[in-house]
2 protein chains.
Amino acid sequence: MESGRRRPVTIADIAAATGVAVSTVSRALSRPSRVSAATRERIQAVARAMDYVPHPPARALASGRTRTVALVVSDVTNPFYFGMIRGTQQQLKAAGYAHLLIDTEDSADHEVEMLHAMRRSLDGAILGASRLPARALVALAGEIPLVTVNRNVRGVPSVVIDTPAGIAQAVEHLVSLGHRDIVYVSGPTQSWSNQARWQAMRVALERHGLGAQRVGPFPSGRGSGTAAADAVLNSGATACVAFNDLFALGMLTRLRERGVRVPADLSVVGCDDIFGADFSNPPLTTLAAPIEQAGRMAVSLLVAGLDPRAPQPQRRAVVLPTYLTVRESTGPLTS
Amino acid sequence: MESGRRRPVTIADIAAATGVAVSTVSRALSRPSRVSAATRERIQAVARAMDYVPHPPARALASGRTRTVALVVSDVTNPFYFGMIRGTQQQLKAAGYAHLLIDTEDSADHEVEMLHAMRRSLDGAILGASRLPARALVALAGEIPLVTVNRNVRGVPSVVIDTPAGIAQAVEHLVSLGHRDIVYVSGPTQSWSNQARWQAMRVALERHGLGAQRVGPFPSGRGSGTAAADAVLNSGATACVAFNDLFALGMLTRLRERGVRVPADLSVVGCDDIFGADFSNPPLTTLAAPIEQAGRMAVSLLVAGLDPRAPQPQRRAVVLPTYLTVRESTGPLTS
DNA sequence: TCCGCGGTGACAACCGTTTGCCATGTGTTG
DNA sequence: CAACACATGGCAAACGGTTGTCACCGCGGA
């Protein structure tokens, strides 16, 4: 209790107590090989006894490294990011980095501004689904080490989840169930994933001699499901692939309200396999994405690039596969 | 492009360019009232022109304040925290603080260790559902400003969601549907909320002359739902209140597997109203908790206490109400 | 005219670490 | 045994700001 407001112990205190120079203490603590085993032990013992805790800002000021990495997301609320938060958190902790969370509220301007302002206090950042135009992204990468997730721009290391490949499987699945009118429910236009998925959808349908239709774009968020469901219904399609599970889940709710049976009247496929996709009503057929793994990979890529004394030429773009997970929101047409 | 690796501009550069002392620049930027309007404008203009970005670590070293607050959760994966992450994120951003995320992996030891280690780089921390014993919590609060959520310990400011009051409503609801055998599905023993909820359950049932039963404890996580469902079934109860929605959702899945109809054979009530509770099958009756608001309040409490020139004696313990949200997982017994 | 005063800005001392450079001591080699 | 390489530890200069203290300025009042 009486330890209330005592001045925290510094390496100078340890130096005094041990009878060595502060520089030696510093080295004993942060570059142990640079000091003899005996002194090192002694210093570390004293440090422990005095309950020494390093002062990160001072360390950062002197060394230029903050041991902090930011995860930048467009909306913390989106369950898609939950997996990424978890994955990055795990890996960063393991690598001894602190995990800063930045929410850009879906604004590209926020994204650059915040990152620009914080760049001095970060060793790097992971951009989850960046909304930035390519050139801005490259420019930013010049200011601070970056790894993007689900966004591929030349010159910026990235981890992308290969949902497009999965889309082909989904289309295959729907076609084999007898569907011919399949529509894509489009997400925000600036979203790179959205573009990629729509593109994949087009070529997949084409391969079956089918035309590609789409409805939207809709703003991200489950709320969009209502409008999306209505639009799909109006389109006359018998099946749809939604930009993401949030849309799909929202649609399910709306369809139930309107008395539309899923999958008897309409099949729905989502993307990402977020939390909830497995216990919705009906459980959602979706493209399972290894989001958590993507987060971990992104961190690995980033910290690998951060260490100056490391073999640089790593692979700079990782692609993770997706698998179609068939549940109960897809089925043959029965009308 | 060619701005690649140029030395970042410092206040010294600005001072040189403006012809004033660095101290004046510092003041013009961080304590604008301390300098005349004319010089201030001039300095700020130059700073803008030179694209000056303050260096947070240096600032922190000199001032002792880091403008960073940590949110400490026991498991980032738990959807309960999503709301808190969002709430704290919003409010912290608004207050100009950075948001650090710490996952303790359900370990009280991790909790103290990490916080102890990081205390020098934090201005304060928000403890989401701390697992710490009361004395450890108080000790920690002596090291670093703390606000707890869903954990009330004398001397530590807190925000608690009054789920216990809601529990009474839930019991009322179940009793009025004709249930007499109501069981509580217990969460982790160290969880303060769990204790509080079970306690509330006991008094509520007693008021109706009913005995309180419980099953568990179960480790947190949706997976526990399986064992929990089986245990409840074996208990012979016709209704249950689960420690949280994650349990309840897990139970729903298991009950469906076993062919138990909800609510016809068993009524289920959850707590917290997390993401997914509204679209599960059936949608979950639950105690809606204003989690996001709790996060915001916690931040407000914390930053209010951080400002040295502020009216200190704020209210130090906030209680937020819950409301029973009746959906389709509860109903009269029909057998 | 002189004094005191509020407002403004400069000086310089930190804040706690890291790190380049150098002096010393020890062991190895020819 | 000389010469040299290397391991070890010390000195002191950064790193980029903040802030207490003080000197100076021009002003109004006595």
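Chain naming here is simple, since letters A, B, ... match the order of the sequence lines and numbering starts at 1 in each.
Here the P atom of nucleotide C:dT19 and the CZ atom of A:R59 are 10 Å apart, to the nearest Å. Look at OH on A:Y52: it is 3 Å from P on C:dT17, rounded to the nearest Å. Between the CZ atom of B:R65 and the P atom of D:dG16 there is a distance of 21 Å, rounded to whole Å. Summarising the geometry, the separation between CD1 on A:I43 and P on C:dT17 is reported as 13 Å, rounded to the nearest angstrom. Look at CZ on B:R42: it is 11 Å from C1' on C:dG9, rounded to the nearest Å. Distance, B:R120 CZ to C:dG16 P: 6 Å, rounded to whole Å. Note: CG (B:D13) to C1' (D:dG16) measures 11 Å, nearest angstrom. Straight-line distance from the CD1 atom of B:I11 to the C1' atom of D:dG16: 7 Å, rounded to whole Å.
Counted by atom type alone, A:T66 and A:Y97 present zero donor-acceptor pairs between their side chains at under 3.5 Å. No side-chain donor-acceptor contact under 3.5 Å links B:S23 and B:S26. Between the side chains of B:T88 and B:H99, at least one donor N or O sits under 3.5 Å from an acceptor N or O.
A sub-4.0 Å separation between OP1 or OP2 of C:dG7 and a side-chain N or O of B:S36 is absent. Between B:S30 and D:dT18, a side-chain N or O to OP1/OP2 separation shorter than 4.0 Å is present. Remark: B:T24 is not in phosphate contact with C:dT8, judged by side-chain N or O atoms under 4.0 Å from OP1 or OP2. Residue B:R27 places no side-chain N or O under 4.0 Å from the OP1 or OP2 atom of C:dC11.
In this structure, B:S23 reaches the bases: a heavy-atom distance under 4.0 Å links it to at least one base atom across the strands shown. As judged by a 4.0 angstrom heavy-atom cut-off over every strand, B:P57 is placed among residues making no nucleic acid contact. A:S26 comes within contact range of at least one nucleobase, with a heavy-atom separation under 4.0 Å.
A salt bridge between A:D123 and A:R67 is absent, with no side-chain N of the basic residue lying under 4.0 Å from a carboxylate O of the acidic one.
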(request) Evaluate the side chain to side chain donor-acceptor pair (under 3.5 Å) criterion for residues B:D103 and B:H110: first the C-alpha distance (whole Å), next the side-chain angles of each, then the deciding distance (0.1 Å), finally the verdict. (result) CA-CA 9 Å; B:D103 185 334; B:H110 264 78; over 6 Å; no
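Comparing B:A21 and B:A58 against DNA chain C, the residue whose closest nucleotide sits nearer the 5' end is B:A21. Between A:V22 and A:T39, it is A:T39 whose nearest contact on DNA chain D lies nearer the 5' terminus.
Contact annotation: the side chain of A:L127 approaches that of A:L115 to within less than 4.5 Å [non-hydrogen atoms, C-beta and beyond].
Across its full length, the helix from C:dT1-D:dA30 to C:dG30-D:dC1 shows an angle of 40° between the axes of its 5 terminal pairs at either end, rounded to 10 degrees.
Paired with B:E105 under the rule side-chain hydrogen bond (donor to acceptor under 3.5 Å, both in side chains), one option of A:Q90, A:K93, A:Q89 passes, and it is A:K93.
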